[in-house]
K.L.:
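Here it is, the structure, as structure tokens.
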Amino acid sequence: MKNKTIKILACLFGFFAFFDNISAANPPITLEKGGYAGHNCAFENYRVYKGQSIYTFKYVTTDSNPRSAFCLSPGAKAGWSITSKNSGYTKNGNQCKQVVLSKKNWATKTISDFSSCINNPKTFECVTASIIESIANGKTYINDKSTYVKMSNLIRTAANKYAYKEFAQGSDKLKAFNENISAYEHYDPTSGISANTPSSKITKIEGNSTIFNIPSFKMTDNANLGNVINVEIALTNLENPLNKNDISVVSEVDGIVQRFEITSLTQTELKVAITINPDALPKEKTSYGITIKLPEIEYKTDTKKIDKIYIYYLTSGGSKHQKYMSYTLKDGTNGKHQLSQLIQIQRDCQDCKANQEIKKPVKECEKDKDMTTVDITEPSLCSVISKCGTPDKTNKYVKTIGTCNVYCSDEISFDLFGKNSAVAGRVMQYNIGGPNNLGVLNVKRSCAAIAKNGGTCDTKEVKDYLSNMKPINCDSLLKNLDYSQGEDYNTFIKQILDKSIENTFTNVSFFGDGSCPTSYDEYCASNSGNLNTCSEGEMKCENGKNISQSDINNQTFTNITKIVMETSINITQTKNIYQKAYTDIIDLDKAGNSNWYDLGAGAWPIKNDMKTGKYKIGIIYRCLGAGEELQDEEFEYSCEYNVKNYSTIFTCDDEGITCFISKGQSSDSNPELAFFYRTVDLTRVFPDSRTTDDGNVIIGVNWQEAIDKYNANGIDLLKQVGENANNWAGTPEYTVTITPTGVKTLRKYNDSVNGDYQNNTITDDKCLNDGTCGCDSNGYCKSSVLNSNMDGVTVNKAGTYKNNIYTGGNN
Amino acid sequence: MKETYWGYLIFALGVFVLVIMIAMQNLSTTQEEDYYLAQEIMQSSMIDAVDYTAYRKNGDIRIIKEKFVESFARRFAENASKDTTYKIEFYNIYEYPPLASIKISTASGDVTIASGNSASFSVINTLSGTLESKFYRN
């Protein structure tokens, strides 16, 4: 049975092979002497050169303007591509023409991104590439076209292409190859690194060459720190095998390489696995390098070879190859090469201090004119509470800053990369706030750009943004940048900052490349005046006219190599922010709503628990050139704003009211709170130990104020508290019973919110089973955690409301 | 023969005393644990419950009752024993000035003494606390 099956398969294979040869031997189209359908085509005779699935018709025509297409019979053209050209030769004064038929799908199959083959190795391209690669590695060496016949059409075509590459590297068969194959297609499985850009015909035989310059490989995804970096190096035709002991890894920072393991070392491949220890990376740096060093490699010289280095690393999920690079090492004679590969690791700044340079170069704005330092007092508002002990609430609104503006300006210079280079985006990135680990609520990035017609970015969109302050396509402009502050957006921050960043350019100067522009008008204001120089250097307008800066965003900088301009950025927050009592929710547009308090205009997005200190508003200028790599040209300006959080530091001295520090407490309380917890006896809230030698009782400011207020209403607060002291047998305000099941339920909930106890559920957007939500107008609020649905937890509130927590509000 | 009965009696008394000792140790340990747990949680929960809006508005150091109760329950469950039922009662919560009293009742569980007879004890802790400014007026 088994033998029978094999025989059947063999027959089928033979049938198809026969069919293939038949079809290849019969051109689907012939040349029609005299043309067809009334068209002219003059030639004496023609010859057909049969390649595998490539037919080349060569003929000599006496037409002064021969049109080969008219010579073709209207035969079976489907599936074939037709090209015609002059052969470059003449015969008896007549032109030698040639028409080439080739299978269409042969020419369209290329592999532009070989990395996809790692995950999809069974695709057509990858199978083809794999076979070619095996050929290259010596498993099947093609030395003449007869080998091709044994292969399928597809593979054969690819092999042709590969052969091209082989010959391009110096094969002595180049000449014969050129003469016999008149159509060339470049096939390079290592697309993107080829130095041999194919031409229509090979014209140059490259001599011995050294290895390619291997650029550094950057791993920029922070999520991958700690995961394995796999490096594969394919080695072929080594004269001698490598020794494991000669392979090493060197890091510029000691201890960052947690693991370096040679997972495979054979005559043809080297695989190593590296793991970086994120904790060992110095916090003050954002980039680190490790180098894999290999010994000198000696190649065999009797065969051609292609050596590749594949480098990739796994994502945190471990399934995708995020980066893949390959390099082809061209052969040399008796080549001995020292190989090394630098892997550059980048990550976010981990411990950015206030004055730390995150990126270089950093320019500080000049203090006298260029930078304004803004004091922002209190988290989430600009008002200052500077009095204590005053019963009149209104007197506590001491100061409102109004708008918190940060103004920063300097001269920036943009170099244009060649007069035909489309500088599509000059991007400014604003990072509002500071590192997240210092408590900044969020960051906001915006962008502005100078664009040029013809760039990959849409000039109009960029222009619209500059003129209308609309964040059009900023994300797309910025997508290639390294976000040092993270990617998350906060809707609220976006709302208050979108329209409040102003960016202006003034005093623009152009530097010419030595050529005269096509029009002076585009540079000189008021459409008059000529540029006084066309030489290389700064270009200025005649007649006292200024270079126009009104429409620089839409210029075509034909003859400009550099633009220098002054820029200023004014970041203003003018919105009024409101905070809701009981819930601490912050929102906009709540004027006139009960329980919503206006925190004043100019509030900044800062967390409640943001520590007192200096924070930066970083303005980063970066260049994005269309079709170019991200340039190193980058400046960062750092304006500062100071935060004084009065809930973490408290003083009564500002407004002339003297306060003293209670016994046992510290005045240097940053970041401690300005109040402290004390276990008390209700009958003696302020015991004798709080009485000074002169008979005064030390009572905290908040208690003193409360006592004064109760007294104003005829109530002795301390007496009232004392009367409650023996009321343990009475009805409690709340009773929460937690069974062992309830303990587990609550722990599970705590885990779900990452143990954040300030993330309470007393919020407006939480609804309960009774259909009512949030706090009512009297300040009765509800918890969505402690309700009847919490398994194992029973809550009782004395009075009307059962099974939910209510409060008497602002008592 | 009489001496044998004396032996049984002494053995029974020994077992009885041992059970009583275990029960008392259980009670005292539970009470001490509950007290310090309550003290720490009371402090943390009151700070969690500070009404920052009121503080920003007029400088009042004020807490919000339901925030306090919710935070207390969540924190208590995080640290309490998974084998015990707790009854937490909140008395006389003042939002302004911050002041609260709690009573925590813990069932110790049944203790079998002898002949299938069992007894249970309830441990009760009470605690009051406040948030007070570090500053005072002269």
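Residue numbers start from 1 in every chain, and the chains themselves are labelled A, B, ... in the order their sequence lines are given, proteins ahead of strands.
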K.L.:
Go through the side-chain N and O atoms of Q720(A) and Y94(B) and say whether any donor and acceptor fall under 3.5 Å apart.
P.N.:
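A pair is found: one side chain offers a donor N or O, the other an acceptor, under 3.5 Å apart.
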
K.L.:
Would K709(A) and Y96(B) count as having a side-chain donor-acceptor pair, cut-off 3.5 Å?
P.N.:
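K709(A) vs Y96(B): donor-acceptor pair found between side chains.
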
K.L.:
Measure distances from S105(B) to the heavy atoms of chain A and classify the residue's part below 4.5 Å as side chain, backbone, both or neither.
P.N.:
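The answer is neither part of S105(B).
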
K.L.:
Considering only residues two or more places apart or on different chains, which pairs with a residue in residues 97-107 of chain B satisfy salt bridge (Lys or Arg N to Asp or Glu O under 4.0 Å)?
P.N.:
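Non-adjacent pairs meeting salt bridge (Lys or Arg N to Asp or Glu O under 4.0 Å): E89(B)-K103(B).
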
K.L.:
With respect to chain A, which residue among T126(B), I102(B), D83(B), I63(B) yields the maximal number of heavy-atom pairs within a distance under 4.5 Å?
P.N.:
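Greatest number of close heavy-atom pairs with chain A: T126(B).
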
K.L.:
Among all residues two or more places apart in sequence or in another chain, which pass the salt bridge (charged side-chain N to carboxylate O under 4.0 Å, His left out) test with R747(A)?
P.N.:
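Per chain and number, R747(A) pairs via salt bridge (charged side-chain N to carboxylate O under 4.0 Å, His left out) with no residue.
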
K.L.:
When only pairs under 4.5 Å are counted, which of D751(A), V721(A), D681(A), T741(A) shares the most heavy-atom pairs with chain B?
P.N.:
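Max contact count across the listed options: V721(A).
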
K.L.:
Could you tell me which of Y91(B), F72(B), F90(B) has the largest number of non-hydrogen atom pairs under 4.5 Å with chain A?
P.N.:
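Highest number of pairs under 4.5 Å: Y91(B).
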
K.L.:
Which bit of V685(A) is near chain B, if near means a heavy-atom gap under 4.5 Å: side chain, backbone, both or neither?
P.N.:
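Neither part, no heavy atoms under 4.5 Å.
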
K.L.:
With the side chain counted from C-beta on, respond yes when V69(B) and V736(A) share a heavy-atom pair under 4.5 Å apart, and no when they do not.
P.N.:
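Yes, their side chains come closer than 4.5 Å.
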
K.L.:
For the candidates I738(A), L746(A), V743(A), which exhibits the highest count of non-hydrogen atom pairs separated by less than 4.5 Å from chain B?
P.N.:
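The residue among I738(A), L746(A), V743(A) with the greatest pair count is I738(A).
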
